[in-house]
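Everything on this sheet refers to the single structure shown next.
Along the sequence shown, residues carry numbers from 1. All values derive from a computational prediction rather than experimental measurement. Each ligand, and each atom within it, is numbered from 1 in the order the structure gives.
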Amino acid sequence: MIIGHQKQWEFLKRSFEEGQLAHAFLFCGESQIGKKTLAIELVKLLNCQDANKPCGACKNCLDVEKGKFLDFLFVRSGEESNNFEGMFSYNSALPDLKSGEVLTDKKEIGIDQARKALDFLSLRSYFSGYKAVIIDNAEKLTIEAQNCLLKTLEEPKGKTILILVTSQPDRLLTTIFSRCQTIKFFATKEILKVSKNPEQVKKEKETLDELLKIISGSLAEKFAYTKNIKEDPSTSSGQGAIVLEIMRILQKHFRKNILTDNSATKKLKLLDELIYKLTFTNASPKLALEILFLEL
Ligand SMILES: [Zn+2]
């Protein structure tokens with residue numbers, strides 16, 4: 001089950017199903033948002049034995065999860081081993097390099113590890129499926145190691161896939177970039193936080209609190225509120241723009257409550273209609289707001 005990054009996942013799944021999967025990917029985005037998890041899901045998808053891929057329950061899926069799958073190699077820097085969550089808790093990879101992870105004792109991922117990864121990809125697949133290598137924190141690859149990887153990126157062979165996972169793609173060579181298919185990951189919550197300044201958020205919250213009070217108030221209060229809406233000289237917003245803003249704030253509020261408020265869907269439908277009318281017809285903003293208050 002994939003939580004979040006639905007678009008990225010759908011894209012990868014579709015590419016695989018259509019036989020269009022790239023040989024090399026660059027998964028980039030902030031750290032700790034699930035890039036590595038999705039990369040591992042992809043390896044499961046490629047090798048799952050069930051019709052409903054990835055099932056997460058067949059032997060291959062379970063072995064990938066445990067880092068025991070013979071056609072899967074996970075590479076990371078030594079520094080990471082201390083705080084690794086145990087997903088790949090075993091370390092049987094060396095010296096036979098058949099599976100599992102390659103640990104380095106350095107803070108960087110050097111040319112030796114890159115070579116091992118390439119050797120691994122060039123071996124024949126055990127299960128005649130995909131051979132997969134994930135390099136986590138790929139920004140830790142030395143320049144030498146990156147140059148070494150370029151070779152395989154230029155001449156990919158058969159059913160192989162190399163996934164570089166990084167939060168600092170700018171530390172990779174541009175040649176690596178141009179040979180990988182880049183999948184960008186976004187921390188949705190973070191984006192919402194930074195796109196509005198705190199002042200705006202505070203103002204919106206105050207407006208919402210006031211609106212909720214009016215909605216549960218008396219008819220007289222509702223009419224008084226509507227009557228008092230004036231053009232805002234500070235932002236040169238007309239009544240229409242102010243009413244639209246009010247409706248958008250309520251829309252956002254009801255969308256959030258759609259699971260807990262049975263009438264939210266009905267309210268949202270009304271809001272959609274009114275917003276449409278205000279945007280595309282000459283409907284009176286005050287009248288639209290009165291209708292809204294009476295119906296909610
Ligand atoms: Zn499976």
field: Test item: side-chain donor near acceptor, Glu290 and Thr226, under 3.5 Å
entry: no
- prompt: Taking only residues two or more places apart in sequence or in another chain, which ones pass side-chain hydrogen bond (donor to acceptor under 3.5 Å, both in side chains) with Ser15?
  reply: none
- prompt: Could you give all pairs that pass the salt bridge (charged side-chain N to carboxylate O under 4.0 Å, His left out) test and reach residues 165-183, with sequence neighbours left out?
  reply: Glu154-Arg179
message: Hydrogens and angles aside, do Gln251 and Asp272 bring a side-chain donor and acceptor to less than 3.5 Å of each other?
response: yes
field: Geometric cation-pi criterion Lys131 and Phe72, 6.0 Å radius, 45° cone
entry: no
- prompt: Is any protein N, O or S atom closer than 2.8 Å to the Zn ion (ligand 1), and if so, which?
  reply: Cys48 SG, Cys55 SG, Cys58 SG, Cys61 SG
message: Per the side chain to side chain donor-acceptor pair (under 3.5 Å) rule, what does the pair list look like for residues 209-225, sequence neighbours excluded?
response: Lys205-Asp209, Ser218-Glu221
